[in-house]
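Only a predicted model underlies this, so the values are computations on that prediction, with no experimental measurement involved. Sequence lines set the chain letters: A, B, ... in the order given, protein chains first and strands last, and positions in each chain run from 1.
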Amino acid sequence: MTIDEQLDYLMSGTAKVIGRDELKERLKLGRPLRVKLGVDPTAPDIHFGHTVAIEKLRQFQQLGHQAILLIGDFTATIGDPTGRSVTRPPLTRDQVLVNAETYTQQAFKILDRAKTEIVYNGDWFRKMTYEEVLQLNSKATMQQMLAREDFHTRVESGREVRLHELQYPLMQGWDSVVIRADVEIGGTDQLFNLLVGRDLQKAQGMLPQIAMTLPLLEGLDGVRKMSKSYGNYIGVDEPAETMFGKVMSTSDELMDRYYQVLLGAVRDLSLHPMEAKKQLAVKLTARYHSEEAALLAKQDWETRFSKRDLASADLPEFDLMSLPEGANALELVSHLFSTVFHLTKSNGVLRKEHFMPGAIQLNDVKVNDPNSRLELKSGDILRLSKKHAVRFL
RNA sequence: GGGUAGGUUCCGGAGCGGCCAAACGGGGCAGACUGUAAAUCUGUUGUCUUUCGACUUCGCUGGUUCGAAUCCAGCCCUGCCCA
């Protein structure tokens, strides 16, 4: 690839890049660039939202550059205030380390493990003296920090901003100095933090990093950004069927967005929207599972939801032997929700939201009475809602 | 430190002695319709209870009252203005 082709490749799908020309110059140097992606291990699981940046990092890696995953083990104990309207609850160090482990493990579904450098910013921050902290602080002004939109809005709207939160951008910037980053990748909401890195590097007489932002991916609700805490995410570690199903539940607008951001493509408008969505779901599922698994998931989805044929669908199975003794329908459903689907529903809610409207069905026959005793035999299918059903063994 | 406004159920936000488990909106859940889409419509959304009802909840603690989210006192927390 020529330099220009490389540049185009690296620029593709990015939102805003500060230092595009610098990147070109830097590519001409012919040495592997140090490309940093900061990871905030507040939640262990990687979802599609994270993959946008990780995928970009992979592209750098593919061109022979040095990918650096920076685990913000120290900064996570502060909590990134980016985009937050309230202060984040801090994490304990143990939680952070456990999270970091699962996180990296999942990241290597995309990245080449052998060629990725992993660093923990606690390694340097924990050693800093207060003197050094003050010195670092002297490099930025209150005004700069308040220029950040999220801080600014919080101040304007009368919500609190804790002083330690102001440290976050500074620390992230300092990370770039320490690891001598040539490029830093992040979501569009990270732009400010990435620029702080540039400033600090310049102040230290280093070449400033190129700040490369990637679009933020909306979650399944189509409104808020994808995030575990909103419960609107698709995790890369989820089973193929779940992944496929979640993609299928997106709205048409969101589907277009996913096409664009996750595949870097435009959907084929000549196809029926549902067909286009199935193709998207297959492609995305195949990325983290296999082509075969994705096609199986598709097939299963079709039997289950299009044909509404629960009998031939691949449902979670439940051994009749492990059922609680003498349970009535209500107790049974409650038990299944918690053991199979890990959902806690109160009896009142089950009665009013599931039994009353007829969501509970045994072999397609509605069960409206929560007190009835169900005669269950092997092979029976109990539907708890449109999306939840089990087969008994 | 002074002044001032406030802390209500998942969120926003009413309520300001009984009719309050607490309006309304959002969100969630479920049903109908559908392309498990969107939009729309319906039900539901503290816990237990088949119903009646019981119990816990309106920052915390105590008090007044037959009765408090609502009144009083003390405490804790937050915003804003001033220093």
Side-chain angles (χ1 to χ4, degrees), chain A residues 84-87 89 151-163 165 218-225 227-234 238-259 267-282 284-285 297-310 313-315 328-331 333-334 336-338 341-361 364-373 382-389:
Chain A
R84 286 271 163 162
S85 54
V86 288
T87 310
F151 285 149
H152 187 72
T153 5
R154 270 155 77 177
V155 169
E156 284 296 296
S157 66
R159 278 178 301 226
E160 62 176 284
V161 176
R162 295 263 158 186
L163 289 180
E165 296 182 78
E218 292 83 357
L220 293 171
D221 54 28
V223 183
R224 295 177 297 183
K225 76 167 185 177
S227 152
K228 183 155 191 175
S229 47
Y230 296 145
N232 62 358
Y233 69 100
I234 309 178
E238 297 193 88
E241 297 79 43
T242 312
M243 205 178 264
F244 191 93
K246 283 189 176 180
V247 175
M248 289 309 288
S249 75
T250 56
S251 69
D252 289 1
E253 287 162 314
L254 194 59
M255 152 167 65
D256 288 338
R257 186 79 183 135
Y258 283 12
Y259 255 105
R267 96 172 200 240
D268 183 350
L269 287 171
S270 66
L271 290 176
H272 184 283
M274 187 178 64
E275 205 40 56
K277 205 186 289 178
K278 282 180 185 171
Q279 288 187 6
L280 174 72
V282 167
L284 292 176
T285 307
K298 172 172 183 266
Q299 214 172 55
D300 196 61
W301 185 87
E302 284 166 347
T303 51
R304 188 161 170 194
F305 296 108
S306 299
K307 298 179 195 151
R308 305 199 177 189
D309 179 11
L310 282 182
D314 180 21
L315 302 174
N328 62 19
L330 182 73
E331 287 154 350
V333 167
S334 173
L336 290 175
F337 261 123
S338 66
F341 301 104
H342 309 289
L343 293 171
T344 314
K345 305 227 181 204
S346 74
N347 290 350
V349 161
L350 286 176
R351 256 191 276 272
K352 288 169 195 158
E353 296 180 345
H354 292 262
F355 280 95
M356 211 173 74
I360 309 295
Q361 296 170 14
D364 294 326
V365 180
K366 285 184 183 173
V367 180
N368 284 106
D369 181 6
N371 293 320
S372 56
R373 308 268 158 178
L382 187 66
R383 198 192 96 134
L384 309 180
S385 80
K386 189 148 55 170
K387 294 174 188 172
H388 305 282

Base versus backbone protein contacts along nucleotides 47-58 of chain B [heavy-atom cut-off under 4.0 Å; B, S, -] | SSBS--------
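- The side chain to side chain contact (heavy atoms under 4.5 Å, CB included) search around K228(A) returns A43(A), D45(A), Y233(A), not counting sequence neighbours.
- Qualifying side chain to side chain contact (heavy atoms under 4.5 Å, CB included) partners for H272(A), counting only residues two or more places apart in sequence or in other chains: M274(A), E275(A).
- A search for salt bridge (Lys or Arg N to Asp or Glu O under 4.0 Å) contacts involving D369(A) returns nothing, not counting sequence neighbours.
- In a base pair of the Watson-Crick type (N1 to N3 plus N6-O4 or O6-N4) or a G-U wobble (N1-O2 and O6-N3), with each distance short of 3.5 Å, rA30(B) is matched with rU42(B).
- Separating the CG atom of N368(A) from the C1' atom of rG43(B) is a distance of 13 Å, rounded to the nearest angstrom.
- Here D256(A) pairs with R267(A) under the salt bridge (Lys or Arg N to Asp or Glu O under 4.0 Å) rule; sequence neighbours left out.
- Taking the side chain to side chain contact (heavy atoms under 4.5 Å, CB included) definition, one finds that T242(A) meets it with E238(A), P239(A), K246(A), sequence neighbours left out.
- R224(A) has no carboxylate O lying under 4.0 Å from a charged side-chain N of E218(A), or vice versa, which leaves the two without a salt bridge.
- Atom CG of N232(A) and atom P of rG28(B) are 10 Å apart (whole Å).
- Looking at residues two or more places apart in sequence or on another chain, you find a side chain to side chain contact (heavy atoms under 4.5 Å, CB included) between S306(A) and W301(A), E302(A).
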Do nucleotides 31-39 of chain B as a string where each nucleotide becomes B, S or -: B if the base has a protein heavy atom under 4.0 Å, S if just the sugar-phosphate does, - if no protein is that close.
-> S-BBBBBS-
I'd like a table of donor-acceptor pairs (distance under 3.5 Å, sequence neighbours excluded) in which one partner is a side-chain atom from residues 348-356 of chain A, with atom names and distances.
| from | atom 1 | to | atom 2 | distance (Å) |
| --- | --- | --- | --- | --- |
| H354(A) | ND1 | L384(A) | O | 3.1 |
| H354(A) | NE2 | K345(A) | NZ | 3.3 |

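- The gap from the P atom of rG62(B) to that of rU70(B) amounts to 14 Å, rounded to the nearest Å.
- Summarising the base pairing, rC71(B) is matched to rG63(B) through a Watson-Crick or G-U wobble pair whose two defining distances lie under 3.5 Å.
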